[in-house]
Amino acid sequence: MKKYILDFRVSENVQLHDNYALLKLTPADGCPLPEMLPGQFVEVRVDRSPSTFLRRPISINFVDYPHNELWLLIRKAGEGTRTLCGLQAGEILNLVLPLGNTFTLPESAQERILLVGGGVGIAPMLYWGKYLKGKGYTPRFLLGFRSDKDLLQYDQFRQFGEVYVSTEDGSLGEKGFVTQHSILNEPFDRLYVCGPKPMMVAVARYARERQLFCEVSLENTMACGVGACLCCVEDTVEGHVCVCKEGPIFNIEKLKWQI
Amino acid sequence: MKKYILDFRVSENVQLHDNYALLKLTPADGCPLPEMLPGQFVEVRVDRSPSTFLRRPISINFVDYPHNELWLLIRKAGEGTRTLCGLQAGEILNLVLPLGNTFTLPESAQERILLVGGGVGIAPMLYWGKYLKGKGYTPRFLLGFRSDKDLLQYDQFRQFGEVYVSTEDGSLGEKGFVTQHSILNEPFDRLYVCGPKPMMVAVARYARERQLFCEVSLENTMACGVGACLCCVEDTVEGHVCVCKEGPIFNIEKLKWQI
Amino acid sequence: MADLNVNIGVLSLKNPVMTASGTFGYGEEFADFIDLSRLGGIIVKGTTLHHREGNPYPRMAETPSGMLNAVGLQNKGVDYFIEHIYPRIKEIDTYFLVNVSGASVEDYVATAEKIAALDRIPAIELNISCPNVKEGGMAFGTSCQSAASVVRAVRAAYPKTLIVKLSPNVTDITEIARAVEAEGADAVSLINTLLGMAIDAQRRRPVLSTVTGGLSGACVKPIALRMVWQTYHAVKIPIVGLGGIMNATDAIEFLLAGASAIEVGTANFIDPQISEKIVDGINEYLEKNHIASVKELIGGLML
Amino acid sequence: MADLNVNIGVLSLKNPVMTASGTFGYGEEFADFIDLSRLGGIIVKGTTLHHREGNPYPRMAETPSGMLNAVGLQNKGVDYFIEHIYPRIKEIDTYFLVNVSGASVEDYVATAEKIAALDRIPAIELNISCPNVKEGGMAFGTSCQSAASVVRAVRAAYPKTLIVKLSPNVTDITEIARAVEAEGADAVSLINTLLGMAIDAQRRRPVLSTVTGGLSGACVKPIALRMVWQTYHAVKIPIVGLGGIMNATDAIEFLLAGASAIEVGTANFIDPQISEKIVDGINEYLEKNHIASVKELIGGLML
Ligand SMILES: Cc1cc2nc3c(=O)[nH]c(=O)nc-3n(C[C@H](O)[C@H](O)[C@H](O)COP(=O)(O)OP(=O)(O)OC[C@H]3O[C@@H](n4cnc5c(N)ncnc54)[C@H](O)[C@@H]3O)c2cc1C
Ligand SMILES: Cc1cc2nc3c(=O)[nH]c(=O)nc-3n(C[C@H](O)[C@H](O)[C@H](O)COP(=O)(O)OP(=O)(O)OC[C@H]3O[C@@H](n4cnc5c(N)ncnc54)[C@H](O)[C@@H]3O)c2cc1C
Ligand SMILES: Cc1cc2nc3c(=O)[nH]c(=O)nc-3n(C[C@H](O)[C@H](O)[C@H](O)COP(=O)(O)O)c2cc1C
Ligand SMILES: Cc1cc2nc3c(=O)[nH]c(=O)nc-3n(C[C@H](O)[C@H](O)[C@H](O)COP(=O)(O)O)c2cc1C
Ligand code: FES
Ligand code: FES
């Protein structure tokens with residue numbers, strides 16, 4: 001898949017909460033967006049942020065082809081993401097995209113699929129959910145947050161399937177971690193997961209016990225984003241592979257996680 | 001004189017030309033401005049400018065005590081000053097001030113005084129002119145620019161004395177360098193000069209030939225701005241002295257310039 | 001268009017801009033972004049005799065105006081390179097140079113010999129300066145004797161252009177440069193990364209799995225430039241300069257300090273098109289200053 | 001308030017934060033901005049036996065996340081210090097340490113002896129690592145023999161706390177640290193500046209009058225931290241860590257790597273209040289993490 005370096009214009013910055021922003025971006029030259037697949041990410045150059053030397057990897061949250069808009073959902077983790085969350089409509093952002101692999105499509109429309117997201121890890125699940133629905137599958141979503149104040153994009157997810165919510169403090173949906181949610185008592189065929197590592201490990205354990213197909217979206221410290229520097233490796237049954245190129249989506253069977 | 005580190009709020013950014021901006025600043029906490037003398041400068045911390053590691057020295061252009069405003073006149077020289085010129089009203093700027101020495105007052109109100117500024121070197125002359133006038137002296141101003149398009153703050157200078165203008169291309173005032181201006185055929189007692197080094201040297205030569213009192217405002221590469229690092233020395237008859245502390249104003253008799 | 005051709009020994013490059021080992025993969029990763037044939041050369045990832053898994057992760061830490069890496073020469077070994085990668089890249093119209101690493105003199109020699117057989121690889125860059133491996137690597141590059149011994153052995157086995165990549169983690173880089181020149185190196189390239197470290201104060205742990213790693217990026221430029229300048233006055237063989245080159249102005253500074261060619265490393269991560277932009281930028285500088293050939297810049301610093 | 005007291009040999013500091021020589025004048029320049037008595041110590045400008053004019057200007061160049069300086073030990077000489085400066089600063093309630101430089105062993109000894117007579121100066125920092133002077137300076141700090149010889153001579157003449165400031169421009173800083181430890185140094189401080197260079201590509205000239213200069217600031221932190229960590233595992237005497245400390249987190253990283261105290265240098269230029277803020281920041285860190293004494297952080301890196 002061809003990669004591009006493109007300037008985007010911020011068409012809207014939706015301040016979702018104190019700690020999150022949703023950036024809606026459109027190519028600065030007005031050209032149509034390139035093809036992007038769910039699970040892929042972009043590398044953002046953060047201008048005017050002195051402590052941010054390298055680009056920052058950010059998942060593709062949603063691609064709105066009719067409006068020619070790419071969405072990025074960003075959590076303030078440090079200076080780079082804080083700067084991104086502060087961008088205003090009209091400002092320019094330089095992206096390298098699309099990067100990485102994509103999720104594996106289910107084999108049949110009958111499969112019972114659950115997309116699990118935790119915190120900002122819900123980001124890739126929105127586009128993936130839309131994509132699945134568009135291909136005739138029936139995704140359901142299990143979203144985990146710390147509390148109701150952290151809930152993100154609920155209405156967007158609702159467009160593409162049923163949504164279940166867990167919060168750690170019980171302020172919304174079921175109380176506890178996603179793995180404690182009652183929906184997991186139902187049978188599933190495939191799980192797709194993105195979130196904090198402990199959450200992904202817990203879901204992977206659940207999947208392994210039941211021998212379910214399970215793909216997770218990994219993070220790593222990245223420099224190039226294109227498989228050139230070998231900084232972002234994950235240890236797999238095939239040895240060290242680059243999360244930015246062979247990933248970020250991995251089948252849990254390939255990983256050497258202690259689960 | 002006590003020095004401060006203070007946050008200022010940009011109350012107005014007057015885009016004078018493509019290459020210059022006038023920043024009007026007021027203390028962010030609303031407190032009255034500290035005392036500042038003509039010829040002194042401030043050290044500006046340039047935020048959100050990755051290639052600007054150190055503060056930037058900028059002359060005090062004007063102090064408007066009634067409006068509690070400090071003016072900085074800034075020419076785009078590189079990334080730091082470009083960032084400053086792009087600040088918008090409401091933004092915060094951190095300054096260390098006031099730094100350096102001041103001009104020497106004439107001995108009597110009868111003295112014929114000429115303040116000579118070239119390009120952005122006119123900056124300290126405005127406040128100095130106002131100060132002189134306030135003390136009962138009669139400053140006159142000779143301002144040199146490349147062309148009429150570079151003319152800066154003419155009306156402001158007019159408030160404090162007669163203004164003569166030279167432009168290199170003759171598009172305004174007399175054609176040529178300031179040292180070629182016909183006003184220099186008149187007798188003067190004191191000259192105060194700030195501008196590019198070749199201009200200051202030329203004026204210094206003129207002064208020396210006539211044995212006139214002449215003070216120049218020097219630049220140098222500065223790190224601390226307070227006389228601690230010894231990075232900004234000028235070679236004088238007293239040895240290496242710091243432009244930021246013993247200067248920036250020097251009597252030409254102290255300098256070892258070849259003139 | 002100014003004349004951008006430069007020579008490194010008998011090797012004539014179409015322009016002085018190469019990409020640094022370990023930062024540009026095998027070139028292919030950047031083919032979507034630039035026209036690879038516009039580069040003076042591409043130096044591929046550090047290659048060893050045998051497959052290496054490299055270090056555990058985390059392997060990277062960002063630092064002020066730079067980064068630390070602890071990749072540790074992960075590569076599939078020279079045979080894999082010859083069988084699987086070389087056939088793919090050999091038609092690209094630029095020079096590919098192989099960066100050769102080893103844990104022993106014998107490893108270096110065996111790897112260099114295999115590379116020598118490849119028609120389209122006109123030169124190797126001998127990496128005696130990798131700070132991220134336990135045996136060999138930097139240890140070879142930090143003493144004159146060991147540097148000389150590995151260069152002597154490889155020189156005997158490798159007939160084409162031999163560039164030796166020096167470590168900046170030394171008291172006097174000119175000594176090492178002279179030692180490898182005396183053993184017949186055709187050129188030296190400098191600098192490899194500086195040994196550095198990052199700590200996560202909150203977790204009270206090192207950031208990198210290997211505790212220390214190699215520092216690169218804009219932050220190292222002043223050091224690299226000084227070393228190139230010192231080495232230019234110490235040896236007669238050409239110098240390939242690198243370390244923190246982020247744009248054409250930086251590249252020109254290295255040429256002025258005495259480099260005959262330059263390599264772009266970490267900058268590729270921030271702007272994947274930067275190497276080609278640097279070729280254009282050098283040309284513009286020459287045209288603007290009415291300089292006919294880039295060769296006039298080499299060592300052209302006025303004191 | 002956590003316990004911030006640390007010891008450097010017999011010297012007990014109220015907290016581990018000192019200001020680095022050459023970046024804080026004689027403290028007075030910063031008295032408008034901070035309460036000097038809140039600092040662990042102030043290390044004054046490099047002092048030599050005789051008056052020195054230092055290098056011609058330009059003496060400074062900005063670099064990515066750092067700066068080069070070529071001040072060249074400008075100072076009025078030790079006698080001037082004793083007569084004119086010492087009387088002014090001696091009532092300030094913090095320790096003043098004098099950074100002693102020289103062009104010969106005899107110079108170092110004579111200067112140290114004169115300082116030894118000053119009641120309120122409990123320690124000197126022996127600068128065998130200044131890259132900006134022709135004779136002496138860094139040359140002493142880049143070989144074990146010369147480092148040992150100057151320390152031996154000064155140790156014999158100077159009875160109070162002797163801190164030796166090491167140069168980072170060496171292959172193995174731990175060798176030098178061990179050499180000066182063996183001669184009776186009470187502590188080592190590291191790092192001094194890294195030798196670097198800046199070029200003005202447009203004018204095709206060096207930026208600094210001396211061509212090369214000393215690199216400091218945020219950019220050098222990864223290197224400094226690595227050297228402190230290496231040295232911590234090589235010597236038993238305390239280490240004073242510095243190089244690129246810009247905030248309290250950086251300072252804590254140095255303590256974790258093995259420093260018993262730290263010095264703030266270039267950061268003073270950007271925020272003249274930073275040294276006092278770092279004292280507060282360390283205290284906050286300790287309180288937040290329920291650590292009773294800053295001593296628990298020293299060398300507390302978990303592997
Ligand atoms: C494939 C991928 C997709 C991602 N998608 C998103 C997303 O959609 N939305 C989002 O908000 N974040 C996403 N992240 C995480 C995001 O890249 C980091 O939060 C960001 O790089 C932190 O930069 P900073 O300058 O704000 O913080 P820093 O000051 O650099 O670091 C703050 C914290 O974040 C950690 N961190 C720094 N860089 C990375 C990195 N490259 N990867 C992981 N952690 C890092 C640091 O260790 C530190 O703990 C993704 C990361 C990856 C690898
Ligand atoms: C006492 C003093 C008062 C000054 N007053 C003003 C003023 O009122 N208005 C104004 O616009 N400028 C003034 N300057 C000059 C101003 O400080 C520089 O233009 C500015 O530092 C350049 O920063 P930069 O990041 O934009 O450019 P850089 O990219 O840092 O440099 C651009 C060019 O400016 C030169 N330069 C960089 N730093 C300095 C420095 N500290 N002093 C002199 N030249 C430098 C560089 O050599 C280079 O040629 C003053 C300088 C001094 C020393
Ligand atoms: C991620 C990474 C991997 C590297 N791998 C190698 C390598 O395999 N062999 C080598 O000689 N140098 C390697 N280097 C060093 C670079 O080639 C170069 O010498 C160094 O990064 C300094 O240049 P820069 O500042 O332009 O990046 C690597 C550097 C980085 C950042
Ligand atoms: C302008 C300047 C002058 C310095 N003068 C001295 C000096 O006289 N003696 C000395 O030992 N170190 C001197 N140094 C080095 C600093 O004390 C310190 O070791 C170095 O700057 C690294 O720390 P930093 O990165 O925090 O600045 C000087 C540094 C600078 C920037
Ligand atoms: S970030 Fe460079 S290989 Fe993945
Ligand atoms: S800038 Fe530090 S002494 Fe003048």
Side-chain angles (χ1 to χ4, degrees), chain A residues 1-7 34-35 42-47 49-57 77-81 94-100 197 218-247 255-257, chain C residues 19-34 42 44-46 51-76 132 198 207-209 213-214 216-219 244 246 265-274 277:
Chain A
M1 227 168 134
K2 188 165 155 61
K3 303 184 202 76
Y4 302 84
I5 308 188
L6 290 176
D7 277 342
E35 196 198 342
V42 303
E43 279 270 17
V44 187
R45 196 184 69 212
V46 188
D47 297 332
S49 171
S51 78
T52 311
F53 180 67
L54 297 165
R55 289 176 180 260
R56 292 294 187 260
E79 196 189 294
T81 45
N94 185 273
L95 307 187
V96 178
L97 83 173
L99 301 172
K197 178 106 185 241
L218 299 189
E219 290 206 1
N220 208 308
T221 52
M222 294 186 179
C224 73
V226 298
C229 73
L230 312 186
C231 283
C232 68
V233 291
E234 175 72 23
D235 201 12
T236 70
V237 293
E238 288 150 21
H240 282 145
V241 303
C242 293
V243 171
C244 71
K245 198 177 168 189
E246 273 98 338
L255 302 176
K256 288 209 183 158
W257 287 1
Chain C
T19 51
S21 177
T23 68
F24 207 67
Y26 296 100
E28 305 165 306
E29 292 83 351
F30 290 80
D32 282 347
F33 305 118
I34 63 167
I42 292 172
V44 305
K45 179 72 204 151
H51 171 104
R52 283 181 60 97
E53 274 297 312
N55 293 317
Y57 63 99
R59 289 183 173 182
M60 199 277 285
E62 197 179 47
T63 68
S65 298
M67 61 175 279
L68 289 163
N69 89 78
V71 171
L73 294 176
Q74 176 176 338
N75 79 104
K76 296 209 156 89
N132 294 322
V207 177
L208 299 175
S209 67
S216 67
C219 57
M246 305 305 285
T266 304
N268 293 306
F269 305 155
I270 294 160
D271 180 357
Q273 295 173 323
I274 194 65
K277 287 182 188 162

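Throughout, a chain's letter reflects where its sequence line sits, starting with A, and its residues are numbered from 1.
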Could you measure the distance from the [atom1] atom of [X] to the [atom2] atom of [Y]? Nearest 0.5 Å is fine.
X	Y	atom1	atom2	value
A:Cys231	C:Leu208	SG	CG	9.0 Å
A:Cys224	C:Asn268	SG	CG	9.5 Å
C:Glu29	A:Cys244	CD	SG	9.0 Å
C:Ile270	A:Phe53	CD1	CZ	3.5 Å

| task | Give a yes or no on this: more than 12 heavy atoms of other residues, nucleotides or ligands lie within 6.0 Å of atom NZ of C:Lys277. | result | yes

| said: Only pairs of heavy atoms separated by less than 4.5 Å count here; which of C:Gly66, C:Gly27, C:Gly72, C:Gly25 has the most with chain A? | reply: C:Gly66

| Heavy-atom pair count under 4.5 Å with chain A, highest-scoring of C:Gly22, C:Pro56, C:Ser65, C:Ala70 | C:Ser65

Are the side chains of [X] and [Y] in touch, meaning some heavy atoms are under 4.5 Å apart?
X	Y	value
C:Asp32	A:Tyr4	no
C:Tyr57	A:Thr221	no
A:Asn94	C:Asp271	no

Against chain A, label [X] side chain, backbone, both or neither, depending on which of its atoms sit under 4.5 Å from a heavy atom there.
X	answer
C:Asn55	backbone
C:Phe30	side chain
C:Phe33	side chain
C:Glu28	neither
C:Ala218	both
C:Pro272	both

| field | Trace of the side-chain hydrogen bond (donor to acceptor under 3.5 Å, both in side chains) decision for C:Arg52 with A:His240 | value | CA-CA 10 Å; C:Arg52 283 181 60 97; A:His240 282 145; over 6 Å; no

| Atom group of A:Val233 that falls short of 4.5 Å from chain C, counting heavy atoms | both

| field | Heavy-atom proximity to chain C below 4.5 Å, by part of A:Glu43 | value | neither

| query | For A:Thr52, does its backbone N or O pair with a side-chain atom of C:Glu62 as donor and acceptor, under 3.5 Å? | reply | no

| said: I'd like to know if the side chain of C:Arg59 reaches the main chain of A:Leu230, judged simply by a donor and an acceptor atom lying under 3.5 Å from each other, with no hydrogens or angles considered. | reply: yes

| field | Max heavy-atom pair count under 4.5 Å with chain C, selected residue of A:Gly239, A:Gly225, A:Ala223 | value | A:Ala223

